[in-house]
Amino acid sequence: MDISKILNELEEDHEHYFGAVAPPLVQSSNFAFSSVEDFRKAVYNEQKISLYTRGKNPTTHILCKKLAALAGAEDALVFGSGSAAVSAAVISLVAAGDHIICQQHPYKWSEKLLTKILAKFGVEFTFVDGTDFKNFEAAVKPNTKLIYIESPNSFTFELQDIKAVVALAKKINAKTIIDNSYCTSLGQRCIEMGIDLEVHSLTKYYAGHSDVVAGGVIGSKELIAKIFTTGLQNIGGIISPHDSWLVLRGMRTLPVRMKQVAETTEKVIEFLVAHPRVEKVIYPFHESHPQYELAKKQMLWSGGLFSFILKAEKVEEVEAFANKLRAFKLAVSWGGYESLIYPACVAIQSESYKGYLPFNIIRTYCGLESAEYLIADLKQALE
Ligand SMILES: *Cc1c(COP(=O)(O)O)cnc(C)c1O
């Protein structure tokens, strides 16, 4: 379906809400029925009929349908955070005694889901260097039930060959999940490449205004129905109707924002690559990326998030540079209006980053400000 049609029309029935052009915000926890028969129908059909907002809320429902359509999938669910979405999807697919293969250095809280939570319940895991596909094959065990990837991951931007991972999973009868937050479903067509479930932090590009925390899981009707009863209703990490409404609002401009962000990022990267104080830039769509070919093959868009390594002897030089920036705010996350930097030295002693990130790597997000404004800021701080 046409992207504009999805964003403008899909699941929207304006005549039912006074002709309002914005989708309705149904801020209600509960729904009443005019007969016992209707009430009973809803109790047995919670995914289809609004009974209680931990199940189907009409505003959230519109969001789910649009998310699924944008990804070319059958169905989707929305959660109160990306982390809730990841946890719900993974937990719904594995049981004690199962084994998960995951590429090394996924999103910090996804890593902890495996190492700190699922390990307690007898689920095994192996982390592999996913840049070499052979490592996935070598990690397969008779009880491997799930391959979890994040391509690219969000500090060092390593890719996995999605089609090869899908083929391997099919061969061993395992499911596949990809965290597609970096590219969005528009920038990387994972469902079409055969992935079973896409998970997203909607907090980032979809909501797009740094004012909501939300997550999504996208896939087949069958898998989504399974996650609805276990991962969503039982664990209960739901989104509020108001936040769903904000994500819907943000999503309407997603294609326009993506285009602008890519244009700006390209200019900023060009500037950084040529600067004598910059050792290298790590960005999937830059020719210097070791997996540039694969990136061009499986990604349609590389977005505003990248890292660069500053030529520095000491951490103090990195700190001085970061403290000088004004346009770029010092912060985690990405995907909103404002450009951000996250120097690894802020978190380098933490469990997830120790021994992995060098002290002089700086993650950078280019938002919607002009390229000239951002480049001027980097230039004065580098000097
Ligand atoms: C932010 C993020 C998450 C977690 O999403 P929240 O909405 O913050 O819970 C998961 N994966 C990736 C790649 C992220 O960047």
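Values reported hereafter were calculated over all heavy atoms of this structure, with side chains retained and with hydrogens, waters and symmetry mates removed. Fair warning: this is a prediction, and the values are worked out from it, not measured in the lab. Numbering of residues begins at 1 and proceeds along the displayed sequence. Counting starts at 1 for both ligands and their atoms, following the listed order.
Between the Arg252 side chain and the Leu248 main chain, no donor and acceptor come within less than 3.5 Å of each other.
Considering only residues two or more places apart in sequence or on other chains, Asp161 meets the side-chain hydrogen bond (donor to acceptor under 3.5 Å, both in side chains) condition with none of them.
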Extract all N/O-N/O pairs under 3.5 Å that connect ligand 1 to the protein, and present each with both atom names and the distance rounded to 0.1 Å.
unit_1	atom_1	unit_2	atom_2	d
ligand 1	5 (O)	Ser201	OG	3.0
ligand 1	7 (O)	Gly82	N	2.8
ligand 1	7 (O)	Ser201	OG	2.9
ligand 1	7 (O)	Thr203	OG1	2.6
ligand 1	9 (O)	Gly82	N	3.0
ligand 1	9 (O)	Ser83	N	2.9
ligand 1	11 (N)	Asp179	OD2	2.6
ligand 1	15 (O)	Lys204	NZ	2.6

With a cut-off of 3.5 Å and sequence neighbours excluded, list every side-chain donor-acceptor pair involving residues 330-349.
unit_1	atom_1	unit_2	atom_2	d
Glu338	OE2	Ser210	OG	2.5
Ser339	OG	Gly367	N	2.8
Ser339	OG	Glu369	OE1	2.7

Show every donor-acceptor pair shorter than 3.5 Å between a side-chain atom in residues 164-177 and any protein atom, with sequence neighbours excluded, or say none if there are none.
unit_1	atom_1	unit_2	atom_2	d
Thr176	OG1	Asp196	N	3.0
Thr176	OG1	Asp196	OD2	3.3

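Salt bridge present: Asp75 and Lys65 bring a charged side-chain N and a carboxylate O closer than 4.0 Å.
Between Tyr353 and Tyr356, the angle of the ring planes lies from 30° to 60°, which puts this pair in the tilted group.
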